[in-house]
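Report on one structure; see the data block that follows.
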Amino acid sequence: MEGKVVAEDLELSELTAVTPLDGRYGGKVKALRRIFSEYGLIRFRAMVEVRWLQQLAREEGVSEVPPFSEATQAMLDAIATGFSVEDALQVKSVERVTNHDVKAIEYVLKDKFQGNEELERVLEFTHFACTSEDINNISHGLMMTEAIQEHVLPAMDQVIKEIARVAKELADVPMMSRTHGQPASPTTMGKELANAAYRLKRQRDQLQQVPIMGKIAGAVGNYNAHLLAYPDVDWQGLAETFVTSLGLQWNPYVTQIEPHDYMAEAFGAIIRFNNILIDFDRDTWGYISLGYFKQKTIAGEVGSSTMPHKVNPIDFENSEGNLGIANAIMDHLSNKLPISRWQRDLTDSTVLRNLGVGVGHSLLAYQSTLRGISKLEANAAGMSADLDNNWEVLAEPIQTVMRRYGIPEPYEKLKALTRGNRITREGMQAFVATLEIPQEAKDQLMCLTPATYIGNAVEQTKALKV
């Protein structure tokens with residue numbers, strides 16, 4: 001076919017990548033490549049293998065691996081912390097022969113140890129008593145830890161901070177509430193934004209509290225090979241020491257795999273944060289549509305290919321879309337990963353290679369929301385006009401005061417006056433003038449307006465601590 005591009009002709013680039021995280025949006029999430037890419041996984045695996053060998057050398061009961069010299073320790077530290085892309089390419093080359101990714105790392109490390117007499121004597125203690133999942137689960141835990149601590153939590157904090165900042169600025173700007181899409185008791189724009197900030201902070205804090213777990217207990221979690229080779233070594237204690245030394249929480253009860261329950265907990269917290277942010281995105285989109293917010297225009301930016309006047313809320317729309325994709329991926333991870341047949345099946349392996357996908361789309365969404373917030377300009381006049389056109393929302397406070405002073409059927413009287421009807425200031429005040437209530441209460445109601453009937457919205461907003 002004329003103009004057809006043969007697939008073999010396409011080098012991988014941001015233009016030819018299948019997924020947008022590596023293509024269109026690659027520049028926005030490139031910090032995750034070091035963590036969640038194939039190279040990232042290999043890098044963490046190599047580090048775990050080296051650290052395990054160093055741990056064995058510190059264990060007196062494993063006499064065949066004596067303590068390493070300072071020079072050898074420095075060499076091992078350099079390998080553990082400096083495993084390069086070139087090193088990972090060598091692993092992939094070996095994997096094409098072994099058809100086993102973790103075994104390929106073991107072989108590459110053994111090759112690196114050649115020339116060091118201390119390491120040459122203990123080559124076969126590389127990957128000693130380990131199943132691949134001992135190495136993998138710790139690597140995944142370290143990947144999750146780095147991603148959450150260095151990228152996800154800081155991004156969440158920035159979103160919360162910006163929403164809270166705007167909330168404080170708009171703490172006393174009255175706004176019409178809408179329940180079921182219809183005018184309801186007034187609030188302030190700041191209070192509604194404060195609601196979102198508070199909710200997001202709770203989920204952010206729950207994510208931070210999720211313990212990232214690890215194990216190194218052998219083929220089925222019982223230290224079978226360990227104890228047969230060295231029955232006098234406290235392998236459980238050694239495993240706990242090793243796992244915790246890497247910054248993870250030790251899981252004492254496992255099969256061949258660490259059961260991934262913590263991953264479900266972590267992704268669950270991110271999903272809840274994302275759902276709240278979707279709620280915020282949609283509400284803000286709606287406030288823009290109502291004219292409560294204006295959007296700053298950017299020179300050269302196009303809103304529509306055919307309608308020159310358009311200034312669309314695309315940042316909140318992009319955020320919502322990416323949050324949906326992120327949640328779909330993380331929901332599958334949360335539901336799938338804790339389930340494994342008997343002591344282990346392989347269904348988690350391919351799924352775990354997608355750990356970074358939900359995180360990447362979440363980070364994209366957070367960036368979009370922040371960009372959208374930066375363009376917002378509150379339209380206080382528009383909000384005020386909307387309030388002034390809906391005096392019927394004062395039916396609630398008037399009938400409540402009537403109840404206090406024993407006037408019969410207050411709700412029914414206000415329902416007859418206001419339900420489905422447009423009420424003006426004059427009409428509402430004329431009704432209040434007929435009430436047989438104390439003059440002080442009547443004066444209070446006569447002075448009440450939709451813009452002043454906001455309860456303690458201002459105080460709640462100013463008290464927000466996030």
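This one's a predicted model, so the numbers in the text were calculated from it and none came from an experiment. Throughout, numbering of the chain's residues begins at 1 and tracks the sequence.
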Q: Apply salt bridge (Lys or Arg N to Asp or Glu O under 4.0 Å) to R178 and list each qualifying residue two or more places apart in sequence or on a separate chain.
A: D386

Q. Would you say the side-chain atoms of D172 and T188 include a donor-acceptor pair closer than 3.5 Å?
A. no

Q. So, are R353 and D101 salt-bridged, with charged N and O less than 4.0 Å apart?
A. yes

Q: Please determine if R165 and E162 form a salt bridge, counting it only when a charged side-chain N lies under 4.0 Å from a carboxylate O.
A: yes

Q.
Looking only at side-chain N and O atoms, does Q208 offer a donor or acceptor that is under 3.5 Å from a partner on R204?
A. yes

Q.
Please enumerate all residues that pass ring-ring contact (aromatic ring centres under 6.0 Å, His included) together with F36, with sequence neighbours excluded.
A. none

Q: Name all residues meeting the side-chain hydrogen bond (donor to acceptor under 3.5 Å, both in side chains) criterion together with R403; count only those two or more places apart in sequence or in a different chain, and write none if there are none.
A: Q399

Q: Enumerate the residue pairs fulfilling ring pair (Phe, Tyr, Trp, His ring centres under 6.0 Å) with a member in residues 377-425, sequence neighbours excluded, ordered by first and then second residue.
A: none

Q) Is it true that the side chains of N274 and Y366 contain a donor and an acceptor less than 3.5 Å apart? A) yes

Q) With E95, which residues qualify under salt bridge (Lys or Arg N to Asp or Glu O under 4.0 Å), at least two apart? A) K92

Q) Does CH2 in W52 sit with more than 12 non-hydrogen atoms of other residues, nucleotides or ligands closer than 6.0 Å? A) yes

Q | Listed partners of D331 passing salt bridge (Lys or Arg N to Asp or Glu O under 4.0 Å), at least two apart | A | none

Q) Yes or no on salt bridge (charged side-chain N to carboxylate O under 4.0 Å, His left out) for E49 and R45, after CA distance, side-chain angles and deciding distance? A) CA-CA 6 Å; E49 294 276 16; R45 283 168 166 169; over 6 Å; no

